[in-house]
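Each chain gets a letter, A, B and so on, in the order the sequences are listed, and its residues count up from 1. If you're wondering where the values come from, they're calculated on a predicted model, not measured in any experiment. Quick note: numbers below take in every heavy atom, side chains included, and nothing from hydrogens, waters or symmetry partners.
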Amino acid sequence: MNYKICYEEIPLKVYTDGNKIYKIEFLKTCKENNIDFLAEFLKLLKEGRSVFFIDFEKIDPSIRLILETVYKIPYGTVTTYGEISKKVFNTNDYARFVGSALSKNPIPVLIPCHRVIDRNLRLHGFSGGLTLKEKLLKAEGIEIKNGKVDKRFLINL
DNA sequence: CGCCTGGCCACAT
DNA sequence: GATGTGGCCAGGC
């Protein structure tokens with residue numbers, strides 16, 4: 001089953017199998033908006049629980065642990081590629097690999113790869129484009145000026 | 001194999 | 001800060 005929603009004016013198509021969410025795509029326009037599903041989507045995004053949940057099973061095992069770790073970053077906060085690397089591999093040497101793993105994220109927004117930034121607090125990259133990354137962060141109340149995230153939103157894992 | 005690339009990082013200037 | 005350099009890693013060719 002698919003649901004089209006407009007999250008903060010960002011049009012999304014969410015793919016589900018029963019209560020499992022396994023894929024999300026960015027759309028061009030917000031023509032449709034499934035209000036009931038949007039409510040559940042917001043609950044999952046902000047509170048981490050809903051009748052729906054994230055399906056990690058089909059995600060490539062080599063990047064699954066990284067995405068599961070990213071999933072734990074709370075709403076309204078950010079962390080760095082190096083911090084994810086340190087958490088998963090006990091060293092920041094995997095920072096680049098973390099970046100490439102995030103570019104393969106099948107469930108953007110809900111697996112919040114937009115909350116991962118570089119060590120200088122710059123957004124650095126996003127498969128959907130940096131503008132969209134900034135939009136997603138601001139929607140969560142995160143302040144950005146001159147391309148840099150205010151450091152009080154930064155957390156360690 | 002070697003070589004390049006990518007959503008990085010640390011260090012030096 | 002703004003650059004430059006070197007080092008890390010897995011994946012693709």
Output field: ring centroids A/Phe52/A/Phe41 closer than 6.0 Å: no

Figure out the CZ/P separation between A/Phe97 and C/dA10, and round it to whole Å. 7 Å

Taking the same atom, C1', in C/dG11 and in B/dC1, what whole-Å distance lies between them? 15 Å

Return yes if the base of B/dG7 and the side-chain atoms of A/Ser103 contain a donor-acceptor N/O pair under 3.5 Å, otherwise no. no

Measure from CZ on A/Arg122 to C1' on C/dA2 and round the result to the nearest Å. 10 Å

Are any of the side-chain nitrogens in A/Glu134 or A/Lys138 under 4.0 Å away from the carboxylate oxygens of its partner? yes

Result for side-chain contact (heavy atoms from CB on, under 4.5 Å) between A/Val116 and one of A/Ile73, A/Leu123, A/Asn105, A/Val78 points to A/Ile73

Under 4.0 Å between a side-chain N or O of A/Asn92 and OP1 or OP2 of B/dA10? yes

Which nucleotide, C/dG11, B/dC9, B/dG7, lies nearest any side-chain atom of A/Ser62? C/dG11

Answer with base, sugar-phosphate or nothing: what part of the nucleic acid does A/Ser127 contact at a heavy-atom distance below 4.0 Å? base

To the nearest Å, give me how far apart CG (A/Asn90) and P (C/dC9) are. 14 Å

Should C/dG6 form a Watson-Crick or G-U wobble pair with both distances under 3.5 Å, which nucleotide is its partner? B/dC9

Can a side chain N or O of A/Lys104 be found less than 4.0 Å away from OP1 or OP2 on C/dG11? no

Evaluate the ring planes of A/Phe37 and A/Tyr3, with Trp represented by its six-membered ring, and classify them as parallel (under 30°), tilted (30 to 60°) or perpendicular (over 60°). parallel

Ignoring hydrogens and angles, answer whether the base of C/dA10 and the side-chain atoms of A/Arg96 contain a donor-acceptor pair closer than 3.5 Å. no

Please give, in whole Å, the distance from B/dC9 C1' to A/Leu121 CG? 14 Å

Whole-Å distance separating the OH atom of A/Tyr94 from the P atom of C/dG7: 18 Å

Classify A/Val98 by what it touches in the nucleic acid, base, sugar-phosphate, or nothing, heavy-atom distance under 4.0 Å. nothing

Looking across every strand, which nucleic acid part, if any, lies under 4.0 Å from A/Phe126 by heavy atom: base, sugar-phosphate, or nothing? base

Taking 4.0 Å as the cut-off, does a side-chain nitrogen or oxygen of A/Tyr81 come that near to OP1 or OP2 on B/dC9? no

Separation of atom CG in A/Asn120 from atom P in B/dC9, rounded to whole Å: 8 Å

Any side-chain N or O of A/Arg119 under 4.0 Å from OP1/OP2 of B/dC11? no

Please give the distance between the C1' atoms of B/dG6 and C/dC8 as a whole number of Å. 12 Å

Regarding A/Lys86, tell me which of base, sugar-phosphate or nothing describes its non-hydrogen contacts under 4.0 Å with the strands shown. nothing

Charged N to carboxylate O below 4.0 Å: is that the case for A/Glu25 and A/Lys23? yes

